[in-house]
Chemist: 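Here it is, the structure in full.
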Amino acid sequence: MNLSGWGWERTNSLHNPQVCPPWGGVIEWGNMVRVRFAPSPTGFPHIGNLRTALFNWLFARHHGGVFILRIEDTDVARKVEGAEEAILSSLRWLGLDWDEGPFFQSERLPLYQQAAKELVEKGHAYHCFCSTERLDEMRREQVRRKLPPGYDRLCRNLSAAQREESLAKGITPVVRFRIPLEGQTRFNDLVKGPVTFNNRTLDDFILLKADGFPTYHLANIVDDHDMGITHVLRADEWLSSTPRHLLLYGAFGYQPPEFVHLPMILGEDRSKLSKRHGAVSVTEFREQGYLPQAMTNFMALLGWSLDDRTEMFTLEELVSHFSIERLSRTGAVFNLEKLQWMNGVYLRQLSVEEFVDLALPYLERNLPPSVPRPIDRGYLLRMAPFLQERARTLEGVTELADFFFLLTGVDYETGPLLGGMQKEVRKQGKDPAGAAPLARGALEASATAIERAADFEPEALEATFRSLGEGLGLGAGAFFGLLRVALTGRTASPPLFHTMSILGRDKCLARLAAAQQKLPA
RNA sequence: GGGGCAUUCGUCUAGCGGCCAAGGACACCGCCCUCUCAAGGCGGAGAUCACCGGUUCGAAUCCGGUAUGCCCUACCA
């Protein structure tokens, strides 16, 4: 089967799905699966980058293969400080361990330069002396005339004399690939199926830049071959570059790997996910208190599924189930709400001890300075079950728990404080103005009850306050609601008497007194 | 402008010729539980399977075309 329309043949029949078995075939063929994650440190790794890493890792682990990490740092200008470290730490955090590397392309420059030289010598590449200005002007003109933009191949057939002349002028040339002028390049993407490109739609792209660094295309092919990569799992956006890569493999005489183009992760507007879609870097999710198990589970489901009902997967389960056949072909919109829900599920799966250990640093960081440090772990442990059930992120725990810790009392409006009582008064057909005095009386009676309570356990408190409510002629909703706002400053909280018990007598008394102060005379 | 890929509930998806008057999940709504909020349970609404033709006894599933979207079209990756 001639896949390039240009001379080289493939020997691996895996390229033809009709005549080979699907996945397991790889290993039976006697080939060890070798895949790589090759991010570029031009920004902090986002959910799309790491999803690619996850799929590569899952594929490697599923087949007992090798997962390689390679940093493609060939763009000196766009390199972002700290990005490399963020990539490594994100991978570690997610539990995606690599077997080889990290390799850095910036440390392998001679390899690419040698490869470019080889291609020039073989006639598959040539030196180009065109200035950036000329190139820009050419492109502008092409766009203006509605012509397909691309290099006009001015230097493709320079004579030796012309080359010498430019060199003598001190111009440093770039190396461009000599794309075959005709023919087709076909390949069988393991997700997309057969794809065909006409070579004439490809332009003579640059292999080696004037600064001596390779472009992505060159470095990628040289390294993938050098590292024995068998399967390239990468984002869909690379599909259009694949014919160039295949042509390069052909020019070198290398056997190309299998290609697997993964569906892209999209923002709400269905365009390629980027910073403008909000928090997308995995570092940010980590800081916000998303669990790595939730992240991997969620990412795996963006473009992959097992069946029509299973959606909770541990990493181990993903490894055993992962298969390229179950990859989807269409882009997936990143849905934060589903991630939040899933993180909540994983948060609830934690033991209380684990939850407390994870939540503690967030509270230490986020609670107001007035709360003494260190945060009392035993105290946290008591309220933890209630927080765990309600939290969607660890960051969100502070908001759920702060009133337990505040020493100076809680801040709230009289509106919520009196809301329930006013409703109650109206229900009883009395003057709404009576709500405030009624509330004051209820608060006073409650304070007395708390002072006298011998047993401060939730059950005993509930019994006490239920009968107190009855004695006051108040419904549970109104009475407990009043107490809830007085004690927590909010209308929604963990169960009242558990809250009361955890807060303790002193805090309860202080807050009840403060509430009475708030009420209009 | 050119090229490539894609198109099932708002979103993630199941579906690979009859089992689908399309199933699950998130979000949404209602009910139950209940001192509130959660969690949980139950139920509901939500997709003429982009459109038009064709193949077939039969199509979401196969084949054309159209439309729309996305990606690529850099001395970025």
Chemist: side-chain hydrogen bond (donor to acceptor under 3.5 Å, both in side chains) with A:Arg382: which residues, sequence neighbours excluded?
Modeler: A:Ser501
Chemist: Ignoring backbone atoms, test whether A:Arg140 places a side-chain nitrogen or oxygen under 4.0 Å from the OP1 or OP2 oxygen of B:A74.
Modeler: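 Answer is no, no contact under 4.0 Å.
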Chemist: Report all interatomic pairs (protein N or O, nucleotide N or O of nucleotides 63-67 of chain B) with separations under 3.5 Å.
Modeler:
none

Chemist: Are a donor atom and an acceptor atom from the side chains of A:Thr201 and A:Asn198 found within less than 3.5 Å of each other?
Modeler: no
Chemist: At 4.0 Å (heavy atoms only), tell me whether A:Thr215 reaches a base, stays on the sugar-phosphate, or touches nothing.
Modeler: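 Contact class for A:Thr215: sugar-phosphate only.
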Chemist: Nearest to the side chain of A:Arg78, heavy atoms from C-beta on, is which of B:C71, B:U73, B:C76?
Modeler: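 Among the listed nucleotides, the one closest to the side chain of A:Arg78 is B:C76.
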Chemist: So what's B:A47 paired with, Watson-Crick or G-U wobble, going by both distances under 3.5 Å?
Modeler: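 Partner of B:A47: none.
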Chemist: Applying a 4.0 Å non-hydrogen cut-off, can you work out what A:Arg490 is touching in the nucleic acid: base, sugar-phosphate, or nothing?
Modeler: nothing
Chemist: Less than 3.5 Å apart, any donor N or O on the side chain of A:Asp75 or A:Tyr216 sitting next to an acceptor on the other?
Modeler: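 Short answer, no.
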Chemist: Take atom CE of A:Met264 and atom P of B:G69, then tell me their distance rounded to the nearest Å.
Modeler: 15 Å
Chemist: Which is more 5' along RNA chain B, the nucleotide nearest A:Glu237 or the one nearest A:Ser131? Just name the residue.
Modeler: A:Glu237
Chemist: Rounded to whole angstroms, how far apart are CH2 on A:Trp341 and P on B:A27?
Modeler: 8 Å
Chemist: Who passes side-chain hydrogen bond (donor to acceptor under 3.5 Å, both in side chains) against A:Arg144, sequence neighbours left out?
Modeler: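 So A:Arg144 forms a side-chain hydrogen bond (donor to acceptor under 3.5 Å, both in side chains) with A:Glu141.
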Chemist: Please list, one pair per line, the donor and acceptor atoms closer than 3.5 Å that link side chains of residues 473-482 of chain A to other protein atoms, with sequence neighbours excluded.
Modeler:
none

Chemist: Could you list by number each residue of residues 342-352 of chain A showing a heavy-atom separation from RNA chain B of less than 4.0 Å, or answer none if no residue does?
Modeler: A:Arg348
Chemist: Please classify the nucleic acid contact of A:Pro494 as base, sugar-phosphate, or nothing, using heavy-atom distances under 4.0 Å.
Modeler: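 Base contact.
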Chemist: Could you measure between the two P atoms, the one in B:U68 and the one in B:C51, and give it in whole Å?
Modeler: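 That atom pair is separated by 15 Å.
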Chemist: To the nearest Å, how far apart are A:Leu218 CG and B:A77 C1'?
Modeler: 14 Å
Chemist: Does B:C31 have a Watson-Crick or wobble partner in any strand here, with both distances under 3.5 angstrom, and which is it?
Modeler: B:G41
Chemist: Would you mind classifying the nucleic acid contact of A:Arg309 as base, sugar-phosphate or nothing, using non-hydrogen atoms under 4.0 angstrom?
Modeler: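 Contact class for A:Arg309: sugar-phosphate only.
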Chemist: With distance as the sole criterion, do the side chain of A:Ser240 and the base of B:G3 form a donor-acceptor contact below 3.5 Å?
Modeler: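 Checked by distance alone, the answer is yes.
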Chemist: Which nucleotide, if any, forms a Watson-Crick or G-U wobble pair with B:C20, using both distances under 3.5 Å?
Modeler: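 Checking every strand shown, B:C20 finds no partner, since no pair has both distances under 3.5 Å.
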Chemist: Before giving the answer on side chain to side chain contact (heavy atoms under 4.5 Å, CB included), spell out for A:Leu119 and A:Val175 the whole-Å C-alpha distance, their side-chain angles and the decisive distance to 0.1 Å.
Modeler: CA-CA 9 Å; A:Leu119 250 26; A:Val175 177; 5.9 Å; no
Chemist: Could you give all pairs that pass the salt bridge (charged side-chain N to carboxylate O under 4.0 Å, His left out) test and reach residues 340-349 of chain A, with sequence neighbours left out?
Modeler: none
Chemist: Rounded to whole angstrom units, what separation is found between the CZ atom of A:Arg392 and the C1' atom of B:C26?
Modeler: 11 Å
Chemist: With sequence neighbours excluded, give me every salt bridge (charged side-chain N to carboxylate O under 4.0 Å, His left out) pair touching residues 455-464 of chain A.
Modeler: A:Glu462-A:Arg466
Chemist: Taking CG from A:Leu339 and P from B:A27, how many angstroms apart are they, rounded to a whole number?
Modeler: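 Checked: the CG to P distance equals 12 Å.
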Chemist: Under 3.5 Å for both donor-acceptor distances, Watson-Crick or wobble: does B:C75 have a partner, and if so which one?
Modeler: none
Chemist: For A:Glu84 and B:A77, give me the distance from atom CD to atom P, rounded to whole Å.
Modeler: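 Taking atom P of B:A77 as the reference, CD of A:Glu84 is at 15 Å.
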Chemist: It should be established whether A:Thr74 places a side-chain nitrogen or oxygen under 4.0 Å from OP1 or OP2 of nucleotide B:A77.
Modeler: yes
Chemist: Which nucleotide sits closest to the side chain of A:Ile206: B:U36, B:C75, B:C35?
Modeler: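 Nucleotide nearest to A:Ile206's side chain: B:C75.
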Chemist: Considering only atom C1', compute the distance from B:G15 to B:A59 and round it to an integer number of Å.
Modeler: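 So the two C1' atoms sit 12 Å from each other.
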Chemist: So which protein N/O to nucleotides 5-11 of chain B N/O distances come out below 3.5 Å?
Modeler:
unit_1: B:C5; atom_1: O2'; unit_2: A:Lys192; atom_2: NZ; d: 2.9

Chemist: Cut-off 3.5 Å, side chains only: do A:His261 and A:Thr242 have a donor facing an acceptor?
Modeler: yes
Chemist: List in numerical order all residues of residues 298-308 of chain A for which some heavy atom is under 4.0 Å away from an atom belonging to RNA chain B.
Modeler: A:Leu301, A:Leu302, A:Gly303, A:Ser305, A:Asp307, A:Asp308
Chemist: Indicate whether any N or O donor in one side chain lies under 3.5 Å from an N or O acceptor in the other, for A:Asn199 and A:Glu182.
Modeler: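 Absent: no donor and acceptor within the cut-off.
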Chemist: Tell me whether the side-chain N/O atoms of A:Lys79 come closer than 4.0 Å to OP1 or OP2 in B:C76.
Modeler: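 False: A:Lys79 side-chain N/O out of range (4.0 Å or more) of B:C76 OP1/OP2.
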Chemist: A:Glu462 or A:Val174: which one's nearest nucleotide on RNA chain B is closer to the 5' end?
Modeler: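 Per heavy-atom nearest nucleotide, the more 5' residue is A:Glu462.
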Chemist: Hunt down the Watson-Crick or G-U wobble partner of B:C62, both distances under 3.5 Å, from any strand shown, or write none.
Modeler: B:G54
Chemist: Is it possible for you to check whether A:Arg70 lies under 6.0 Å from the centre of the six-membered ring of A:Phe104, through NZ or CZ, and within 45° of that ring's axis?
Modeler: no
Chemist: It should be established whether A:Lys209 places a side-chain nitrogen or oxygen under 4.0 Å from OP1 or OP2 of nucleotide B:C76.
Modeler: yes
Chemist: Report the distance from atom CZ of A:Phe197 to atom CG of A:Leu202, rounding to the nearest 0.5 Å.
Modeler: 7.5 Å
Chemist: Mind checking A:Arg244 for me? I need base, sugar-phosphate or nothing, with any heavy atom below 4.0 Å counting as a touch.
Modeler: sugar-phosphate
Chemist: Once you round it to whole Å, what is the distance between P of B:U34 and CZ of A:Phe497?
Modeler: 15 Å
Chemist: Output all residues satisfying side-chain hydrogen bond (donor to acceptor under 3.5 Å, both in side chains) with A:His245, sequence neighbours left out; order by chain, then residue number.
Modeler: A:His217, A:Arg234
Chemist: Regarding A:Arg326, tell me which of base, sugar-phosphate or nothing describes its non-hydrogen contacts under 4.0 Å with the strands shown.
Modeler: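 Answer is sugar-phosphate: A:Arg326 comes under 4.0 Å of backbone atoms only.
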Chemist: Among pairs that include at least one residue of residues 481-499 of chain A, which meet salt bridge (charged side-chain N to carboxylate O under 4.0 Å, His left out), considering only residues two or more places apart or in two chains?
Modeler: A:Asp402-A:Arg490
Chemist: At under 4.0 Å between heavy atoms, what does A:Tyr216 touch on the DNA or RNA strands: base, sugar-phosphate, or nothing?
Modeler: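 Base, at least one base atom sits under 4.0 Å.
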Chemist: What pairs of residues pass the salt bridge (charged side-chain N to carboxylate O under 4.0 Å, His left out) test when at least one of them lies in residues 333-344 of chain A, not counting sequence neighbours?
Modeler: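 For residues 333-344 of chain A: A:Glu311-A:Lys338.
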Chemist: At under 4.0 Å between heavy atoms, what does A:Pro495 touch on the DNA or RNA strands: base, sugar-phosphate, or nothing?
Modeler: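 Base: the residue A:Pro495, judged by heavy atoms under 4.0 Å, touches a nucleobase.
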Chemist: Would you kindly give the CE-to-P distance between A:Met500 and B:U36, to the nearest whole Å?
Modeler: 15 Å
Chemist: Please give the nucleotide sitting opposite B:A6 as a Watson-Crick or G-U wobble pair, both distances under 3.5 Å, or none.
Modeler: B:U68
Chemist: Taking atom types as modelled, is there a side-chain donor on A:Gln288 or A:Glu395 under 3.5 Å from an acceptor on the other?
Modeler: no
Chemist: Is the shortest side-chain N/O distance from A:Arg466 to OP1 or OP2 of B:C35 below 4.0 Å?
Modeler: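 Answer is yes, contact under 4.0 Å.
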Chemist: May I ask you to check whether A:Thr393 and A:Asn343 show a side-chain donor-acceptor distance below 3.5 Å?
Modeler: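 Judged by distance alone, the side chains do not pair up.
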Chemist: Expressed as a whole number of Å, how far does the C1' atom of B:G46 sit from that of B:G24?
Modeler: 14 Å
